[in-house]
Structures are given as C-alpha cells and as structure tokens.
Amino acid sequence: MSAAASKARWLGLGVWLLPVLCFSVLPVAALLWRGLGPAGVEGLGWLLAEGGALGNTLRIATGAAALAFAAGTPLALVLFRTDLPLRGAFTVLFTLPSAVPAFIWGMGWLSLASPRAGYLNRLLGGDTFDIYGPVGIAFVEGVSGLPLVLLAGAAALRRVDPAVEEAARVCGASTVRALLTTTLPLALPSLLSGAVMVFLMAASSFGVPYLLGVSASPPTRVLTTRIYELVLMGGEQGLARAALLATSLLLLAPLSLLVTWALGRAGRVRLSAGKGLSSRPFPLGRARGLVLGTVSLAAGVLVLLPLGAILLTSLQRSFGAALTWEALTLAHWSGVLLEPRTLHALGRSVLLAAGAGLLVCALGLAAAVLRRGLRRLGPGVEALAVWPYAVPGTVLALALLLAFSRDLRFILLDRVAFVLALAHTPWLLLIAYVAKYLALGARNSEEALAQLDASLAEAARVSGAGPWRAFVDAPLPLLRPALTAAFVLAFLACATEITMSVLLVPAGTDVLGTLLFELQSYADPAAAAVLACAFIALVVVGQALLALLTRRPVDTR
C-alpha cells in the first residue's frame, strides 16, 4: 500500500468516525453514565419500586418468544422440508408480519378482539375475547416476531446434510421420525436463536404495549411505556428516571446476543455448508390435505384476519357501529388521504426517509470499504456501524434527546462560533434514523464487496486511474443493486417507524408514524385504519421492488 493511499484511508476513517461517534456512540455512552453513574445509583430505590414495569416487560417478552417458537418451529419444518403445496405463497404470508410495523398488527387485533366493539366479540357474543393486558400484548408481539423464528429455521434447514436424514431412513425410521430425530435437533439452536431475537424485539417494543396496555384494567406498564410517560412528564427528575429505565432496557440487548451466541455454539453436529446434494422434501402422503388445511387456517387467522379487520374498520363510519352495508363508506379514505395534515406528514416522512436512506447507503458503503482496507481495525469499524441496530429505539431516541437537549457551541480561534441546535427539530429524527439503520447499508455493502474481484480496481489503477476514479468506474456500478436494496430497506423502515418518531418529532410537526399513533390512540380509529392500509400498501410495493432487485445477485469472481 502506498503512503498516499494509506493516508487517504486514515483520513477517510477519521471523517467516517466523527458522525458515528457523535451521533450514536457518545449519546448512548452518556445515557449509560447517567443511568449507572452516581446519579443513577441514587435512584436505585425508585427503580426497585418500579419492578412492576420490568417484570411485565420480562413476562411479555418471554411469552412472545415462546409463542413465536411454538408456532414457528412446526411451520419451518412444514414449509421448508415437506412437499406441501403453495409453500412459496405461505412463506410470503408468514413473513409479512416482519415487514409491517407491530403497531399495525396491534390495531388489527384491537379491531377484532376489543371487549365491546371487536368484530369477533360481536359475532360470538359477549366478552369472548379481550386483547387488552399482558396476554394480548404477548400474543401480538409473538405473531409479529414469528418470521424471525421461521427464517432462522429455514436457513438452518437448508444447510442440514441430507446424508443424515437418509441414514435415519435406511435404519428404518419413518418420515416423521426421521424429521423429528435428525433434522429438528440440528436446526434447534437456530430456532432458539430466533426466539431470543423475538424476546429482545418484544422487550424493546413501544407501540403495542402502549396501545394494548395503557387502556387495560388495570393498566399494564412496561419499560418503554414508562420511559415515554417520564419523558412527557419532563423535568430533570423525570429525565433522570427515564435514563435509569432505559439503561435497564439497554442491558437486555447484550444479554440476549450472548444467549444467541451460546446457542450458535451449542449444536453438537455441524451443519453442512458445502455444495452437496440438496435435501429431498419429505412426502406428506395422506396427511397432505390435513396439513394444508391447518397451515391455511393458521395463515388466515394470524395474518389475513387482522389485515381484513383493518380494512373493514377503514370503511366504517365509526368504529363499533353496526355492520351493515349502509354503514360502510369511503369517506374516511378521501378525508384522511387528502387532508392537508396527512399530505404534510407524507412529504416530511418521504424527505426524512429518503435522506436517511441515502446517508445509510453512503456511510454503510464507507464502512465496508474501510473494513476491507484497514484489516486490523476492520472488525471495529463493522461493530460501530452495526451495534446501534440492536439498541432499542426508545433507548436510542432518549439518548439523543438527552445529548442534544441544549444547543452546543463551538468557538474556533476565538473568532468564529458554531452553534449546533438539534433539539425540537426534524434533524434529530433524521440522525436517529441513520444511526439505527446504518447496519442495513454496512451489511449489504460488505456482502456485495465480498463478491467482487479485487482485480477490477487494480485494472483501473494500471490504466492510470486514481484510487477514487478506479473505485467509481469499476466496483461501484456493480454495487448498485446492493446499495439500491439497502436504500429501499432503510426507506421503508424509516417511513413506517413509530417509536423514535413519537419521542423525537417536535410538537406541531407530524410524520406518518406519529400521525398514525395519534389517530389510533386519541382521535379516530377508522381514520387510523385508512392510514394503516396505506402503510401496508407501501410495504407490499417496497417488498415487491426489493424482490426484483435481489432476484439476480451479481457475482464477478
């Protein structure tokens, strides 16, 4: 490596580190110091008195993880290891909850199982179902996290060596026994890792616990909703206590990741990663009809039913009205979608999401290039880019809120003064989006760079191009599909984000997430259902575009 190239890389590392440290590492470190430092120790007695919120968080997260594991394990085996018809369609349906915000699934189940006005209760009579409370929250979070277990199991099942299954069949085991005694144990660590991720997701969730917990009788408070209440309370004491709760929530992330790492090392049999024979799907035989009916019923109840309830709610004049043809109307659709407040929120969300997507791609690509260029510091660069994704959105938003609650002044040479005023501005929300989803750009760029042959850039250098021109002319065009996919993922995540938006958006300023939250929580559920349908349509279109972009990966090796 020449001295000029080495100097350029170190300079690039410094330029990349400055925003990453200032807007993700230092705010969270300051939050940890505030929660674990002397001021936090003084509030330890109050934290012990708040054990109810922590206990509810752990119980709900455990229940959600157990539900996702119990439903995801048999679904993974049936969808990815048997000859079930329509497996592709079922896979799309069961992975849809991971793309749609959990708050929207909570809205759907609230329309179905609200004690007084829910469609199921009106159909079956009486208070048959009650979605409010810890059980309802755990159920919705478990269904929303189901794809994490399903996809983790699918990845493991594809890598199982078919020779192990064939050996069990040769020894006289039936199809079901071979599946349960050879395939399932090999995939079990991955399935459990997915369940741990569901636990972390449910513990970090804000929208569903607020929607189904605050109005419960008695109210069910978790760590995220208590943090929100304390932030609204304001004052030094409220923010200090919110920081203490956020620290407790933040500590769950490394513990969960440690458990996931331990599960990954717990498998006694290594999964095949070579290019061996692909596993043959197990024939269902006479049970095909029964299994198909069961999977169809599960897809209908867990996915299609809440989506249909949201659509029906959007067509009612008022939520809870009698279900007649005369009571259905499209007035909410024109009234909500064409309302100036909605259009302003849409424009603001599009600008913020597009800006965040571009920054995620640029910083993520820079992280991937630096990781490959600075081999010793590469793992550290990757960790700095990826770790905020595991930080709960509530914690990251509170950290930024505390770090930039006051204007920061910088004086250069006693003559020039710079003022960084981010509090109560949409810029702080943009920073939160970029910090949270930077991992999408870094991972996509790293995977795409790994597929490129280094001789491409070297050939451009031999032809007389400088380092920057060689990168722009040779590797960058081949990275375009991966960067476009990262942009779409980041755009969808930011445009439909709710938790950080509720905490960071200035008063009197709306984005789509905060508008949906306000309409459902305080104003008009029917109008909120219209906006939820628009969210779902945006996600479906985005996922279809993403599927087209990733259908043909580029490999130049």
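Just so it is clear, the model here is predicted, and its values are computed rather than measured.
- At least one side-chain heavy atom of S205 sits under 4.5 Å from a side-chain heavy atom of V208.
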Exercise for the section: Starting from the C-alpha separation in whole Å, work towards a yes-or-no answer on side-chain contact (heavy atoms from CB on, under 4.5 Å) for L440 and F487. Expected result: CA-CA 8 Å; L440 299 177; F487 175 82; over 6 Å; no
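- The pair R241-E229 fails the salt-bridge criterion, with no side-chain N (NZ, NE, NH1 or NH2) lying under 4.0 Å from an Asp/Glu carboxylate O.
- Although no hydrogens or angles enter the test, the distance criterion places a donor-acceptor pair under 3.5 Å between the side chain of S314 and the main chain of L311.
- For W427, the CH2 atom counts as loosely surrounded, since its 6.0 Å shell holds 12 or fewer non-hydrogen atoms of other residues, nucleotides or ligands.
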Exercise for the section: Test S111 against T313 for side chain to side chain donor-acceptor pair (under 3.5 Å), laying out the working first. Expected result: CA-CA 7 Å; S111 298; T313 302; 3.1 Å; yes
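- A pairwise comparison of heavy atoms in W105 and L302 identifies CZ3-O, 4.1 Å as the closest pair.
- Taking 4.5 Å as the limit, some side-chain heavy atom of L516 sits within range of a side-chain heavy atom of F103.
- Inter-residue side-chain proximity for D510 and E518 is flagged as met; some heavy-atom pair is nearer than 4.5 Å.
- Aromatic ring orientation, Y210 versus F517: tilted (interplanar angle from 30° to 60°).
- Contact of the L150 side chain with the F80 side chain is registered, since non-hydrogen atoms from C-beta on lie closer than 4.5 Å.
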Handout entry: side-chain contact (heavy atoms from CB on, under 4.5 Å) between Y132 and I137, intermediate numbers included
Key = CA-CA 7 Å; Y132 288 107; I137 299 172; over 6 Å; no
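- If you take CG on L315 and CD1 on I310, they are separated by 12.0 Å, rounding to the nearest 0.5 Å.
- How far CG of L398 is from OG1 of T224: 12.0 Å, rounded to the nearest 0.5 Å.
- Panel note: side chain T342, backbone V336; a donor-acceptor pair is recorded below 3.5 Å.
- Counting only heavy atoms from C-beta outward, the side chains of L249 and L54 never approach each other to under 4.5 Å.
- Between V488 and Q543, the closest side-chain pair of non-hydrogen atoms is not below 4.5 Å.
- Interatomic distance, L400 CG to K436 NZ, rounded to the nearest 0.5 Å: 11.5 Å.
- Between the side chain of R87 and the backbone N or O of T82, at least one donor-acceptor pair lies under 3.5 Å.
- Atoms CG and CZ, on L515 and R348 in that order, are 10.5 Å from each other to the nearest 0.5 Å.
- The two residues T496 and L492 have their closest heavy-atom pair at OG1-O, 2.7 Å.
- Proximity of a side-chain donor or acceptor of S193 to a complementary backbone N or O of P189 within less than 3.5 Å is detected.
- Rounded to the nearest 0.5 angstrom, L151 CG and T91 OG1 are separated by 8.5 Å.
- Side-chain atoms of S349 never come within 3.5 Å of backbone atoms of L346 as a donor-acceptor pair (strictly under, hydrogens ignored).
- For the atom pair L75 CG and L146 CG, the distance stands at 6.0 Å (nearest 0.5 Å).
- Inter-residue side-chain proximity for F206 and V502 is flagged as met; some heavy-atom pair is nearer than 4.5 Å.
- Between the side chain of E497 and the backbone N or O of M500 there is at least one donor-acceptor pair closer than 3.5 Å.
- Using a 4.5 Å heavy-atom cutoff, the side chains of L504 and Y433 are not in contact.
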Practice task
Tell me, with the steps shown, if Y119 and S114 meet side chain to side chain donor-acceptor pair (under 3.5 Å).
Solution key: CA-CA 8 Å; Y119 299 127; S114 177; over 6 Å; no
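- Between the side chain of T57 and the main chain of A203, no donor-acceptor pair closer than 3.5 Å is present.
- Side-chain atoms of S215 never come within 3.5 Å of backbone atoms of L211 as a donor-acceptor pair (strictly under, hydrogens ignored).
- No donor-acceptor contact under 3.5 angstrom links the side chains of Y228 and T499, judged on distance only.
- Pairs engaging residues 58-76 under the side chain to side chain donor-acceptor pair (under 3.5 Å) rule: N56-R59 [sequence neighbours left out].
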